[in-house]
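Below is one structure; the comments refer to it alone.
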Amino acid sequence: MRDVIIIGSGPAGYTAAIYAARAQLNPLLIASSVEPGGELMKTTEVENFPGFPEGIMGPELMTNFRAQAERFGAEFITEKVTRVDFSERPFRVWVRDDEYRAESVIVSTGARSLMLGLEAEQRLIGHGLSTCATCDGFFFRGHEIAVVGGGDSAIEEATFLTKFADKVTIIHRRDEFRASKIMQQRAFDNPKIEILWNHTVTEINGADKVESIEVTDTTSGATSTLAVTGVFIAIGHRPNTDLFTGVLDMDETGYLETVPGSSRTNIEGVFACGDVQDHTYRQAITAAGSGCMAAIDAERWLESQHG
Ligand code: NAP
């Protein structure tokens, strides 16, 4: 029996663990064994996390977060949560057959970037391949790069990336964008943006950094090589919320809904923070900030329960 169980690691979960541990709530953080530490474990240099003027590697930053939470007594289980029951208190959380109980739960399971499914993606992510223009655009000053996708994210990222890159080619699998008209016009009007309609990326070349990509024409089947040193995949995100279907309120795309200005979900005593409830900012620093909010909300709520 715990005061708080935190489900999911990453900047939000680890920050919630630091705050909850320092508030003497003895938090137990259960993180997936597939990707403990979350999306930042897949990045290389992080230059925009305040406090690190020289930058820091993503995995090192997450190791530091965890060590800081451990220092104050947070405990960790690195296994996937398989089931939850929030219908009554104490709340129950299962890892296979092991049951854990808690007065309150903080959900910080994050969201994952959709990928193309190419083998090279695993090897080259963080080495010229990125899913976040805000995070990595700066590294591509003077480069020629590609953005994959045809939604608002792809157009927004491509437009942002023209601040740094000499040329940005948007590669879209159809002959029209899904993005809003105003965003599309921004791309059409930008002299640094070129659009490759009806093409998919079928290979990303490079042993330890992106050197070029193979693209295939979806109408003719013809393939060609594009000499780019950066590729941004912007084909959407999926929040990791399958566990909470029918339990916690979600928007139509599966993101958890929280009461504005707080981390409260529709179930009293269950809080959500980080990318699992934020499809707008998706930054380590905003996730960490909302993890802090969730721990404070949980602490105050527990206090109100115990009078
Ligand atoms: P999205 O709207 O789902 O668009 C995904 C795009 O990726 C689509 O063009 C899709 O092609 C393409 N795609 C999907 N799977 C692919 C694959 N395997 N290979 C190649 N292309 C693939 O996602 P999003 O752009 O991330 O936007 C998500 C939501 O956030 C939307 O509601 C969007 O309006 C909103 N958003 C708003 C703003 C803004 O207003 N400033 C900025 C960003 C996002 P098809 O078109 O052929 O399906």
Side-chain angles (χ1 to χ4, degrees), residues 38-39 42-43 109-122 124-125 128-137 145-163 168-190 193-205 210 212-226 228 230-242 249-258 260 274-284 286-287 290:
E39 292 279 294
K42 293 193 285 191
T43 56
T109 46
R112 58 192 182 282
S113 306
L114 297 181
M115 302 300 281
L116 299 172
L118 302 172
E119 216 170 274
E121 287 176 320
Q122 304 293 329
L124 295 170
I125 189 92
L129 179 68
S130 172
T131 55
C132 177
T134 309
C135 319
D136 299 328
I145 62 179
V147 173
V148 186
D152 280 328
S153 293
I155 309 295
E156 190 172 72
E157 301 224 330
T159 307
F160 174 75
L161 288 164
T162 59
K163 289 184 188 203
V168 178
T169 304
I170 300 177
I171 302 168
H172 185 38
R173 63 185 178 183
R174 293 190 293 130
D175 63 357
E176 58 176 356
F177 286 135
R178 176 181 296 277
S180 54
K181 290 281 178 281
I182 188 164
M183 300 282 272
Q184 296 193 23
Q185 200 54 48
R186 231 168 264 166
F188 297 148
D189 292 344
N190 191 319
I193 292 181
E194 202 163 281
I195 300 160
L196 199 54
W197 301 108
N198 296 314
H199 276 76
T200 53
V201 175
T202 40
E203 191 54 271
I204 306 171
N205 302 316
V210 172
S212 65
I213 56 177
E214 308 290 325
V215 291
T216 301
D217 187 326
T218 55
T219 45
S220 69
T223 58
S224 49
T225 304
L226 210 61
V228 289
V231 183
F232 286 79
I233 310 285
I235 62 173
H237 293 82
R238 287 285 172 280
N240 301 314
T241 50
D242 289 353
D249 285 352
M250 301 175 187
D251 69 12
E252 68 283 358
T253 49
Y255 285 88
L256 297 186
E257 286 183 336
T258 48
D275 288 9
V276 73
Q277 51 85 59
D278 166 27
H279 47 74
T280 308
Y281 301 105
R282 295 193 189 109
Q283 299 299 298
T286 49
S290 75

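Atoms considered below: every heavy atom in the structure, side chains included; atoms not considered: hydrogens, waters and symmetry mates. One-based numbering, in listed order, for ligands and for the atoms of each.
- Residue, atom and distance of the protein heavy atom nearest to atom 39 (C) of ligand 1 are E156 OE2, 4.0 Å.
- Atom 24 (P) of ligand 1 has its nearest heavy-atom neighbour, among A154, A179, S153, in S153.
- The heavy atom nearest to atom 9 (O) of ligand 1, out of those in S113, G150, G149, G117, is found in G150.
- Ranking protein heavy atoms by distance to atom 47 (O) of ligand 1, first place goes to R174 NE, 2.7 Å.
- With T200 as reference, T202 is the one residue of T202, L196, N198 to meet the side chain to side chain contact (heavy atoms under 4.5 Å, CB included) rule.
- Summarising the local packing, CZ of R238 is surrounded by 12 or fewer heavy atoms from other residues, nucleotides or ligands at distances under 6.0 Å.
- Between I213 and I171, some side-chain heavy-atom pair lies under the 4.5 Å cut-off.
- Across the listed options L114, I235, T200, D152, D152 owns the non-hydrogen atom lying nearest to atom 34 (O) of ligand 1.
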Does the side chain to side chain contact (heavy atoms under 4.5 Å, CB included) test come out yes or no for V168 and F232, once each step is laid out?
CA-CA 10 Å; V168 178; F232 286 79; over 6 Å; no
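- Under the 30°/60° scheme for interplanar angles, the aromatic rings of W197 and F177 are found to be tilted.
- Here the heavy atom of the protein found nearest to atom 19 (N) of ligand 1 is L116 CD2, 3.7 Å.
- Using a 4.0 Å threshold on non-hydrogen atoms, atom 30 (O) of ligand 1 does not count as touching the protein.
- The protein atom (non-hydrogen) at minimum distance from atom 17 (C) of ligand 1 is R173 NH1, 3.5 Å.
- Around OH of Y281, the count of heavy atoms belonging to other residues, nucleotides or ligands within 6.0 Å does not exceed 12.
- Two residues are said to be in side-chain contact when any heavy atoms from C-beta on lie closer than 4.5 Å; P239 and Q277 fail this criterion.
- By the criterion of a heavy-atom distance under 4.0 Å, the side chain of H172, and not its backbone, is placed next to ligand 1.
- The OG1 atom of T131 sits 10.0 Å away from atom CD of E121, with the distance rounded to the nearest 0.5 Å.
- Ranking protein heavy atoms by distance to atom 23 (O) of ligand 1, first place goes to G236 CA, 3.9 Å.
- Nearest protein heavy-atom contact of atom 48 (O) of ligand 1 is R178 NH2, 2.6 Å.
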